[in-house]
Amino acid sequence: MDLIARLRAGLPGEVILTDPDVTGSYAHDMASFCEAGRPAVVVLPRTVEEVQHIMRTATELQVPVVPQGARTGLSGAANASDGCIVLSLVKMDRIIEINPVDRIAVVEPGVINAVLSRAVNEHGLYYPPDPSSWEECSIGGNIGTASGGLCCVKYGVTAEYVLGLDVVLADGRLLTTGRRTAKGVAGYDLTRLFVGSEGSLGIVVRAVLALKPEPPQQLALAAEFPSTAAACQAVCEIMARGHAPSLLELMDRTSIRAVNEMARMGLPDSTEALLLAAFDTPEPAADLAAVGKLCTAAGATEVVPAETAAESDLLLQARRLTLTALERVKSATMIDDVCVPRSRLAEMLDGTAAIAEKYGLTIGVCAHAGDGNTHPTVCFDAADPDESRRARESFDDIMALGLQLGGTITGEHGVGVLKKEWLARELGPVGVELQRGIKDVFDPLGILNPGKLF
């Protein structure tokens, strides 16, 4: 019995897609420079039992399986391999439970981040992880890549909100990890092991997520600086003085000018860096005033605090438009994701500017400055082979710079295909050996998302 017949023996017909024109549309995520193969079949299960049947079939026939969510990723982690089963979890999209007493939500992997966020808000609760693609990205994908977002400086990343998981293993067995309780230290932390594993250890089919009380409406501040060094000094002072902003974002001159050109934001051409801070504390105006003084002392030429939520939204609009504006500069972009210690942030931004000059490219940087997580965006003409080559080389130089500064090659986008070589450099040979050993325990046949991470 062949693969399709085996799958049909345990699945409704409508969840199996075999038309090459349709299956080809599931071949890749949103990353540039990442190879993708052609899947043999795409399956869209709706139940745990259907996922188990798919994995049993894959194990029996030794067919690779590539798990997918909404495919908004930026590292090629969801890219298909030739002849694989693409296991899309978008149809498993139920919010099973929201519990205000235990402050948890129980969800399936296909739930969209924004849908969950709005649902828990109705109970006076808050799910903090908020990737920029939150209106499109799925919780399963967020778990697979350990996603972050704008509010991570105060609330942390996805890994800190995953309490427990149900995972279908490579051979079809169902594993339950973690807990529903506020505390728990029984055994090895397998839950955290699956977060960020990019579907290489198992298929997440249910998640228990921690929630927080919904905070007050945040107020924001924008500060213009004559240099990135001055803006980064302000970031260091804000954090060193013990402030807890709900958002602390930075844009470099290239990003500012791209947004100005697209949206006519009216920011002066002399602005070399724009720092955006927000607080969702009981007295946000007082916190903004204190941070405004620190910005002025660090050399800010203008500090504009918002007085209302509407004014805050206007101030933050430039940051939200950054990627769209940079995508207008050239036909293609590569978005890097290098995180460095906050104390080295200025060196990271200045070094990236030097790399842009070296390769004759436009590279705009926006950063979750409070985390030291930078997103250099390389703009290039995909139809120009030489410019594409320079774009890839500049991308590598940026990652090398991040490691040199004591950072990591990815703060929230994951490794996938794009950064496999760089993961090995960051981990070192002993680290790679041990991580491959863990992979072998969970996936001895090597059928789960092959070619990713290692």
Side-chain angles (χ1 to χ4, degrees), residues 30 32 72 74 113-114 130-137 148-153 217-228 230-232 234-235 245-279 288 291-292 295 300-337 349 352-353 356 361-370 373-382 391 413:
M30 297 178 69
S32 301
T72 58
L74 294 165
N113 185 296
D130 63 340
S132 296
S133 58
W134 78 306
E135 293 280 8
E136 302 169 285
C137 64
L150 300 184
C151 75
C152 292
V153 61
Q217 179 69 51
Q218 69 178 8
L219 286 183
L221 165 154
E224 299 172 18
F225 288 87
S227 69
T228 53
C232 292
V235 171
S246 55
L247 175 150
L248 191 58
E249 298 287 305
L250 187 148
M251 296 169 58
D252 74 345
R253 63 179 295 185
T254 302
S255 299
I256 293 167
R257 290 178 183 181
V259 170
N260 255 346
E261 184 174 333
M262 183 183 77
R264 303 293 185 263
M265 297 292 291
L267 294 168
D269 288 341
S270 59
T271 301
E272 294 290 316
L274 181 69
L275 186 64
L276 299 160
F279 286 87
L288 289 182
V291 164
C295 289
T301 54
E302 186 170 2
V303 177
V304 181
E307 295 183 358
T308 67
E311 289 179 5
S312 293
D313 287 342
L314 286 174
L315 291 178
L316 297 176
Q317 186 180 10
R319 173 63 181 87
R320 295 192 184 103
L321 292 174
T322 301
L323 180 56
T324 302
L326 289 170
E327 287 175 339
R328 291 162 55 98
V329 174
K330 289 281 187 171
S331 64
T333 57
M334 287 186 72
I335 305 173
D336 214 327
D337 169 39
L349 267 69
T352 300
L361 295 168
T362 297
I363 304 178
V365 182
C366 59
H368 306 313
N373 193 176
T374 67
H375 292 305
T377 302
V378 182
C379 306
F380 64 101
D381 182 355
H413 290 174

If the condition is side chain to side chain donor-acceptor pair (under 3.5 Å), which residues does [X] pass it with, not counting sequence neighbours?
X: Asp336; value: Lys419
X: Thr228; value: Asp350
X: Thr374; value: none

Set of residues satisfying side chain to side chain contact (heavy atoms under 4.5 Å, CB included) with respect to [X], sequence neighbours excluded:
X: Glu261; answer: Arg264
X: Leu316; answer: Gln218, Ala220, Leu247, Leu276, Arg320
X: Leu323; answer: Glu327, Ile335, Thr377
X: Cys152; answer: Val157, Asp371

TODO: Quick one: which residue pairs count as a side-chain hydrogen bond (donor to acceptor under 3.5 Å, both in side chains) with a foot in residues 269-278, not counting sequence neighbours?
DONE: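 For residues 269-278, and leaving out neighbouring residues, the side-chain hydrogen bond (donor to acceptor under 3.5 Å, both in side chains) pairs sorted by first residue read Glu224-Thr271.
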Open item on the list: Once side-chain hydrogen bond (donor to acceptor under 3.5 Å, both in side chains) is applied, what residue pairs with a partner in residues 306-319 remain, sequence neighbours excluded?
Closed with: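 Sorted pair list: Glu249-Arg319.
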- [ ] Give, for atom CG of Leu150 and atom CG of Asn373, the distance between the pair rounded to the nearest 0.5 Å.
- [x]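 Those atoms lie 10.5 Å apart.
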Open item on the list: Holding to ring-ring contact (aromatic ring centres under 6.0 Å, His included), I want the full list of residues that pass it with His375, two or more places apart in sequence or in another chain.
Closed with: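 Only His368, His413 meet the ring-ring contact (aromatic ring centres under 6.0 Å, His included) criterion with His375.
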TODO: Return the set of residues passing ring-ring contact (aromatic ring centres under 6.0 Å, His included) with Phe225 (not counting sequence neighbours), or none when no residue passes.
DONE: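 Per chain and number, Phe225 pairs via ring-ring contact (aromatic ring centres under 6.0 Å, His included) with no residue.
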Open item on the list: Is it the case that atom CE in Met265 sees more than 12 heavy atoms from other parts of the structure closer than 6.0 Å?
Closed with: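 It does: Met265 CE has more than 12 such atoms within range.
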